[in-house]
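We use all heavy atoms of the structure for the numbers below, so side chains are in, but hydrogens, waters and symmetry mates are not.
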Amino acid sequence: MAVALAGARSPGAGAILSLRRLAPAAAAPVRLGGSGTPGTRRRRGIAMAAAASAPPAPADTLPKGADSFFRTVISNMEKVYLSRNPTAKTILELVRSYDGDHICYDHFAFRTFGVDGYGIKSLAEFFTDFGYVPREELRFPAKKLRALWFSPPTNDGYTGTGVYGPLPRIFISELLVDELSPQSQDIIQKYIRTSGKGNKHATLASTSGELTWEKPIYSDFQVLSRESEYAAWTLVNGYALNHTTISTHRLISDIRSINKFNKFVEDNGFKLNSEGGILKVSPDGLLQQSSTVADSALFTFADGITESIPRSYIEFAERLVLPQFKDLPNDEVNEHHRRDGFEVGNADKIFESTSNDQLTRRSA
């Protein structure tokens, strides 16, 4: 489903509010603040139907100063992420040793509480201020989640790799808190109240790895875990980067094929998320994804109890060439010739990378 964005070349918080779906004509705007009315929340999850159409024009390339600052910020997000997730750090090192320094990130993903301004909007405004364009909403009714993804400004002329290569897409999800049980809602609200205006500084929290609310007690974590593992993860990890994604088709060796990449990861002793199968494939077959199981780490709760909690994971994505460009020579294929966007079915299974079922299962 294509979208129109007024003022896409002057992105920012105001631009988000002008997002409208082109079809149907009467559709409501995508909203970043709060979780919407009950009728809106019950709508079907939206799959990315834009796969076969050209993406909207991105914002202009960032000025050099803004580009340097922005990349420093996301580099600090990555540093916190890698410091907590040895699996991701090791896999990135293994890929560089095998394939050379050709790693490009497909997307960065974040989790939030969709209540009182702590949801998608709390992080989105930073990215839209630096040229990102809101693209499409996805819904996950069973998990009580919604998400919005953002395409980056023009990536022409990049010379580096990783956070200094082509800018990643941004995927931000939020828990629809008002759909949880009263007990879980009360727990989340209790911590939100200790945060002051922490939602105004979500990006800073992500670069530091600090929670903007009080460190939780273990019993609250347990209550949330029983109803929503997403809620429990967000309570103890806050705005920390949930995962990064390696774009496998941008590699140059045989592991640019995601099936060979998955074998490479498993042969090196890492466990992959098996929910729905190791390889998650969109209905059109053009978006193929997989991920590791999240790392775990000991966490000392506010009441002195120390227990293991899930941290983050690393994902892998191969975007295949769109049908209308299938006859292009390989050396002429660019990213805009490939499948864009995300797929509800794939993402729903990727979310399980932090689930207890995946963390506790034996390797295949």
Side-chain angles (χ1 to χ4, degrees), residues 2-16 18-19 30 32 48 50-51 53-78 81 102-110 120-138 147-173 202-203 206-207 239 241-250 287 289 314-319 322 333-343 347:
V3 295
L5 184 68
R9 293 188 175 274
S10 299
I16 297 172
S18 63
L19 184 63
V30 173
L32 299 191
M48 295 312 301
S53 61
D60 294 332
T61 304
L62 290 176
K64 286 185 179 180
D67 182 80
S68 177
F69 173 76
F70 179 82
R71 290 177 188 274
T72 298
V73 171
I74 63 172
S75 175
N76 286 329
M77 292 176 176
E78 181 196 44
Y81 164 79
H102 303 107
I103 290 173
C104 297
Y105 286 130
D106 180 88
H107 64 273
F108 279 12
F110 302 86
I120 292 171
K121 187 177 180 181
S122 61
L123 277 167
E125 289 184 353
F126 170 76
F127 292 101
T128 56
D129 282 347
F130 283 88
Y132 275 76
V133 176
R135 288 290 303 277
E136 191 64 76
E137 179 189 67
L138 296 90
L148 190 62
W149 75 273
F150 301 77
S151 57
T154 300
N155 265 321
D156 296 338
Y158 70 89
T159 57
T161 61
V163 295
Y164 296 100
L167 292 173
R169 299 166 183 82
I170 299 298
F171 184 97
I172 309 174
S173 57
T203 303
S206 184
T207 61
Y239 288 112
L241 187 56
N242 176 257
H243 67 269
T244 64
T245 302
I246 294 175
S247 180
T248 67
H249 59 269
R250 290 182 181 265
L287 176 60
Q289 297 165 274
I314 188 166
E315 184 187 323
F316 323 112
E318 182 176 5
R319 296 179 181 275
L322 293 167
V333 173
N334 294 312
E335 194 70 3
H336 68 270
H337 296 126
R338 297 179 181 274
R339 211 287 199 179
D340 201 6
F342 293 85
E343 183 66 43

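For F108 and Y81, the ring centers sit 6.0 Å or farther from each other. In this structure, F70 has its ring center closer than 6.0 angstrom to the ring center of Y132.
Here the closest heavy-atom approach between residue D340 and residue R135 is recorded as OD2-NH1, 3.2 Å. Across G160 and P166, no two heavy atoms sit closer than the pair O-CD, 4.5 Å. Of all heavy-atom pairs between A202 and L123, the closest is CB-CD2, 3.8 Å. Considering all non-hydrogen atoms of both residues, I74 and P168 come closest at CD1-CD, 4.4 Å. Residue M77 comes nearest to S206 through the heavy atom pair CG-OG, 3.4 Å, listed as atom of the first residue, atom of the second, then distance. Pairing each heavy atom of L148 with each of P134, the nearest pair is CD2-CB, 4.3 Å.
Looking only at side-chain heavy atoms (C-beta outward), W149 and E136 come within less than 4.5 Å of each other. Under the 4.5 Å side-chain criterion, counting only non-hydrogen atoms from C-beta, I120 is not in contact with F110. Counting only heavy atoms from C-beta outward, the side chains of L167 and P153 approach each other to under 4.5 Å. Looking at heavy atoms from C-beta onward, R319 lies out of side-chain contact with S247 at the 4.5 angstrom threshold. Contact annotation: the side chain of V73 approaches that of F126 to within less than 4.5 Å [non-hydrogen atoms, C-beta and beyond]. At a threshold of 4.5 Å between non-hydrogen side-chain atoms, the residues D67 and K64 do not count as touching. The shortest side-chain heavy-atom distance between T245 and Y105 does not fall under the 4.5 Å cut-off. Contact check for Y164 versus S75: side-chain heavy atoms found under the 4.5 Å cut-off.
Checking E315 against H243 by side-chain atom types alone, a donor-acceptor pair falls below 3.5 Å. Side chains of S122 and Y239: a donor on one and an acceptor on the other come within 3.5 Å.
Interatomic distance, CD of E318 versus OG1 of T248, reported as 4.5 Å (0.5 Å rounding). Note that CD1 of I246 and SG of C104 are 10.5 Å apart. Values are rounded to the nearest 0.5 Å. Of the inter-residue distances, the one linking T207 atom OG1 with L241 atom CG reads 11.5 Å to the nearest 0.5 angstrom. A distance of 7.0 Å separates CD1 in I103 from OG1 in T161, rounded to the nearest 0.5 Å. Put simply, CZ on F150 and CZ on F171 are 10.5 Å apart, with the number rounded to the nearest 0.5 Å.
Listed for the T128 side chain is a donor-acceptor partner under 3.5 Å among the backbone atoms of E125. Panel note: side chain R71, backbone G165; a donor-acceptor pair is recorded below 3.5 Å.
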- Message: Checking H337 against L322 for the side chain to side chain contact (heavy atoms under 4.5 Å, CB included) test, could you report, in this order, the C-alpha distance in whole Å, the side-chain angles of both residues, the deciding distance, and whether it holds?
- Response: CA-CA 6 Å; H337 296 126; L322 293 167; over 6 Å; no
- Message: Before you tell me yes or no, could you show the steps for R339 and E335 under salt bridge (Lys or Arg N to Asp or Glu O under 4.0 Å), namely the whole-Å CA-CA distance, both residues' side-chain angles and the distance that decides it to 0.1 Å?
- Response: CA-CA 8 Å; R339 211 287 199 179; E335 194 70 3; over 6 Å; no
- Message: Could you walk me through whether R338 and H249 satisfy the side chain to side chain contact (heavy atoms under 4.5 Å, CB included) test, starting with their C-alpha distance in whole Å, then the side-chain angles of each, then the deciding distance to 0.1 Å, before giving a yes or no?
- Response: CA-CA 10 Å; R338 297 179 181 274; H249 59 269; 3.3 Å; yes
